[in-house]
Amino acid sequence: MRHRKAGLKLNRTPSHRQAMFRNMVTSLLKHERIRTTGAKAMEVRRWADRLITLAKRGDLHARRQAFAIVREKEVVHKLFENANERFGAVSGGYTRVMKLGTRPGDAAPMSLVELIIAEDTKKKKAKKKKTKTEGKQTKKATAKKAPAAVEDEPADKKEKAPSKIKAKTKDKKEVAEASAEKASEKKPVVKTKDEPSNAETEPAVDDTPKDEPVKQIEVASNNQAAPDEKKDTPDSTKKKAAAQKSDEDEK
């Protein structure tokens with residue numbers, strides 16, 4: 001009975017078989033890929049996975065166990081330094097086997113064995129989780145936001161349009177009222193000789209702009225000269241008195 005005797009014999013003695021797989025594992029860890037037959041490729045995976053688990057453990061005993069299989073110090077040191085960074089997030093399945101076809105000499109099935117990159121597996125898993133869980137939520141959020149944005153735009157436009165029209169109408173009304181007030185204030189006052197001047201009774205309103213101080217002075221001088229002309233001279237009073245006496249004598 002073959003209890004606890006895993007592995008393929010491959011028609012070789014135990015010493016030959018162990019030496020062959022040690023060399024294959026060291027070349028796989030050194031170059032990260034090898035090309036061999038299908039049966040040997042499936043057996044090399046067992047040896048490579050065992051060495052990578054020892055490297056992830058990283059203690060001195062694990063390093064000595066790795067040296068018992070791989071006899072090159074540089075390969076072991078490289079494996080132990082990069083194992084946690086490269087394979088820390090993965091537990092098992094550190095190698096990949098791809099079939100290449102048959103060998104032309106004896107038609108043996110050939111395969112390519114290579115170490116995987118754990119960073120690629122991390123990115124793929126993260127993308128799948130986002131598309132499953134968050135993809136639906138983002139689609140619902142965009143579907144809800146899209147009609148709200150469409151409804152908000154015309155409402156804003158409707159509110160903005162009448163406010164502008166009202167502002168324009170108010171400005172026009174204010175301008176018309178101001179022009180009417182200015183026109184009423186600037187109406188000229190026609191004075192006659194018989195009517196008394198309003199300069200003494202009503203206070204003068206300065207409607208003239210600030211840039212014309214000379215005209216204000218001229219208007220004030222004319223207003224003051226008008227009542228002086230209307231006053232009677234002493235000669236005229238004497239003539240009037242003589243004329244009244246002659247009229248009374250004739251009566």
Side-chain angles (χ1 to χ4, degrees), residues 1-139 141:
M1 299 177 69
R2 292 187 71 255
H3 296 298
R4 297 174 64 85
K5 292 183 180 179
L8 298 175
K9 291 185 178 180
L10 297 174
N11 198 17
R12 287 175 174 80
T13 58
S15 60
H16 185 188
R17 190 168 54 248
Q18 288 180 0
M20 183 182 65
F21 284 125
R22 282 176 183 172
N23 293 330
M24 290 175 70
V25 168
T26 53
S27 60
L28 176 63
L29 297 175
K30 188 175 182 179
H31 303 288
E32 295 187 356
R33 63 176 59 187
I34 58 171
R35 181 173 174 271
T36 183
T37 58
K40 292 177 184 177
M42 299 301 290
E43 187 67 18
V44 170
R45 294 179 67 183
R46 293 175 59 252
W47 290 67
D49 290 345
R50 182 184 175 189
L51 287 171
I52 291 167
T53 52
L54 292 172
K56 286 172 69 177
R57 198 171 72 190
D59 55 354
L60 180 60
H61 181 58
R63 195 176 289 262
R64 285 175 176 173
Q65 286 178 330
F67 274 119
I69 297 168
V70 179
R71 302 301 174 89
E72 294 184 10
K73 293 182 179 180
E74 294 178 357
V75 175
V76 174
H77 292 316
K78 179 183 176 182
L79 177 64
F80 274 73
E81 286 176 1
N82 301 324
N84 288 322
E85 295 180 2
R86 186 168 182 179
F87 306 104
V90 183
S91 58
Y94 307 115
T95 55
R96 182 186 296 119
V97 177
M98 292 183 289
K99 293 182 180 180
L100 300 176
T102 58
R103 190 162 52 190
D106 55 355
M110 303 297 293
S111 298
L112 181 71
V113 186
E114 62 180 0
L115 299 175
I116 64 167
I117 298 171
E119 294 177 358
D120 295 340
T121 57
K122 284 183 184 179
K123 291 180 181 178
K124 289 179 182 178
K125 288 181 180 178
K127 287 181 180 178
K128 287 180 181 178
K129 288 180 181 178
K130 286 181 181 179
T131 52
K132 287 181 181 178
T133 58
E134 296 180 358
K136 295 179 180 179
Q137 295 178 358
T138 53
K139 287 180 181 179

If you round to the nearest 0.5 Å, how far is [atom2] of [Y] from [atom1] of [X]?
X     : Y      : atom1 : atom2 : value
Thr36 : Phe21  : OG1   : CZ    : 8.0 Å
Leu8  : Arg17  : CG    : CZ    : 8.5 Å
Glu43 : Met20  : CD    : CE    : 8.5 Å
Ile52 : Ile116 : CD1   : CD1   : 8.0 Å
Arg45 : Leu28  : CZ    : CG    : 11.0 Å
Leu51 : Leu79  : CG    : CG    : 6.5 Å

By salt bridge (charged side-chain N to carboxylate O under 4.0 Å, His left out), which residues pair with Arg22, not counting sequence neighbours? none
Glu114: which residues meet the salt bridge (charged side-chain N to carboxylate O under 4.0 Å, His left out) condition with it, sequence neighbours left out? Arg33, Arg96
Mind listing the closest non-hydrogen atom pair of [X] and [Y] along with its distance?
X      : Y     : value
Val113 : Ala41 : CG2-CB, 3.3 Å
Thr95  : Ala48 : CG2-CB, 3.9 Å
Leu10  : Ala39 : CD2-CB, 4.1 Å

For Phe80, which residues count as a ring pair (Phe, Tyr, Trp, His ring centres under 6.0 Å) partner, sequence neighbours excluded? none
Let me have the donor-acceptor pairs involving side chains of residues 53-65, under 3.5 Å, with sequence neighbours excluded, atom names and distances please.
unit_1 : atom_1 : unit_2 : atom_2 : d
Thr53  : OG1    : Asp49  : O      : 3.2
Thr53  : OG1    : Arg50  : O      : 2.5
Lys56  : NZ     : Phe87  : O      : 3.1
Lys56  : NZ     : Val90  : O      : 2.6
Lys56  : NZ     : Tyr94  : OH     : 3.2
Arg57  : NE     : Asp59  : OD1    : 3.3
Arg57  : NH2    : Gln65  : OE1    : 3.2
Asp59  : OD1    : Ala62  : N      : 3.1
His61  : NE2    : Gln65  : NE2    : 3.2
Arg63  : NH1    : His77  : ND1    : 2.9

Sequence neighbours left out, what pairs pass side-chain hydrogen bond (donor to acceptor under 3.5 Å, both in side chains) with at least one residue falling in residues 67-76? none
If you count heavy atoms of other groups shown closer than 6.0 angstrom to CE of Met42, is the number above 12? no
Polar side-chain atom of Arg103 near backbone of Met110 as donor-acceptor pair, under 3.5 Å: no
Could you tell me which residues satisfy side chain to side chain donor-acceptor pair (under 3.5 Å) with Arg35, sequence neighbours excluded, listed by chain and number? none
